[in-house]
Amino acid sequence: MKHIIIISFALMPLLSAAQVNKVAGNFSHATECMGVEGDGSQTVKAYGNGRHRWDAIEQARKNAVSDVIFNGLREGKPECEQRPLVPEVNARQKHEKYFNTFFADDGPYKEFVSTEDERLAQRVRRDKTRGRESVSHAFIVRVLRPQLKEKLIADGILKQ
């Protein structure tokens, strides 16, 4: 009986920590600016949720591009352009067909995001939380903002 009580007290912190991680995986995080490159591209830390790691990484890439287009980057270093590329109110809804195709899996958004700024140490110690049915990962990506702006102008979404 004495051993059962000691073992249950020893396992209690482990069980309570597991509860915290399951809840933390269900929260969304804001995309953070990490810096601006000389060519105008922005290095950001984006978060994504998904059923597994690869799904979460794909969602983080989409979230990074989406935040640069529609929301702007309000978290992180102030040197990043904080204004969204498309300042039009409800632009996502007005051009719904275009952006649904743009953000589809393996869609054109992949041309404007790269992973060249993520270092090996960040890949190993990536911020990761796990929910009951999903996992959330932080991912360092570079959004090619000038090229993205040219694409939106060429497609008639953004006026010069």
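We use all heavy atoms of the structure for the numbers below, so side chains are in, but hydrogens, waters and symmetry mates are not. For this chain, numbers begin at 1 and follow the sequence in order.
- In this structure, the side chain of Arg74 engages the main chain of Asn71 through a donor-acceptor pair within 3.5 Å.
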(message) Before you tell me yes or no, could you show the steps for Arg145 and Glu150 under salt bridge (Lys or Arg N to Asp or Glu O under 4.0 Å), namely the whole-Å CA-CA distance, both residues' side-chain angles and the distance that decides it to 0.1 Å?
(response) CA-CA 9 Å; Arg145 186 181 172 99; Glu150 289 175 11; over 6 Å; no
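- Using a 4.5 Å heavy-atom threshold, the side chains of Glu37 and Thr43 count as touching.
- Applying the 6.0 Å contact sphere to NZ of Lys77 captures no more than 12 heavy atoms from other residues, nucleotides or ligands.
- Counting heavy atoms from C-beta on, the side chains of Glu81 and Leu73 never come closer than 4.5 Å.
- Using a 4.5 Å cut-off on side-chain heavy atoms (C-beta onward), Lys45 and Phe139 make no contact.
- Under the 4.5 Å side-chain contact rule for hydrophobic residues, Val113 and Phe70 share a cluster.
- Counted by atom type alone, Tyr98 and Asp155 present one or more donor-acceptor pairs between their side chains at under 3.5 Å.
- Using modelled atom types, one side-chain atom of Lys62 and one backbone atom of Phe103 make a donor-acceptor pair closer than 3.5 Å.
- Using a 4.5 Å cut-off between side-chain heavy atoms of Ile, Leu, Val, Met, Phe, Trp and Tyr, with links allowed through other members, Tyr109 and Leu148 fall into the same hydrophobic cluster.
- One distance of note links CZ of Arg61 with OG of Ser114; it measures 9.0 Å at 0.5 Å rounding.
- Checked by atom type and distance alone, the side chain of Asp67 never pairs as donor or acceptor with a backbone atom of Gly72 at under 3.5 Å.
- Side-chain contact check for Thr31 and Glu75: no donor-acceptor pair (N or O, by modelled atom type) lies under 3.5 Å.
- Linking Ile, Leu, Val, Met, Phe, Trp and Tyr residues whenever their side-chain heavy atoms come within less than 4.5 Å leaves Leu144 and Ile153 in two separate clusters.
- Gln59 and Asp55 form no side-chain donor-acceptor contact under 3.5 Å, judged by distance and modelled atom types alone.
- Proximity of a side-chain donor or acceptor of Asp39 to a complementary backbone N or O of Ser41 within less than 3.5 Å is detected.
- Considering every non-hydrogen atom in both Val86 and Leu158, the closest pair reads CA-CD1, 4.2 Å.
- Salt bridge annotation for Glu58-Lys110: present, with a cationic side-chain nitrogen under 4.0 angstrom from a carboxylate oxygen.
- Between His137 and Ala56, the shortest heavy-atom distance links the atoms CD2-CB, 3.9 Å.
- Under the 30°/60° scheme for interplanar angles, the aromatic rings of Phe102 and Phe99 are found to stand perpendicular.
- Nearest heavy-atom pair across Glu88 and Ile157 is OE1-O, 4.4 Å.
- Leu85 is listed as a side-chain neighbour of Val68, based on a closest heavy-atom distance under 4.5 Å.
- By the 4.5 Å heavy-atom criterion applied to side chains, Arg92 and Asn100 are counted as neighbours.
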(request) Go through the steps to decide whether Glu32 and Val44 satisfy the test side-chain contact (heavy atoms from CB on, under 4.5 Å), and finish with yes or no. (result) CA-CA 5 Å; Glu32 300 173 27; Val44 300; over 6 Å; no
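- The line from NE2 of His95 to OG1 of Thr101 is 13.5 Å long, rounded to the nearest 0.5 Å.
- Inter-residue side-chain proximity for Cys33 and Gln82 is flagged as unmet; no heavy-atom pair is nearer than 4.5 Å.
- Rounding to the nearest 0.5 angstrom, the gap separating the CD atom in Gln147 from the CG atom in Leu152 is 12.0 Å.
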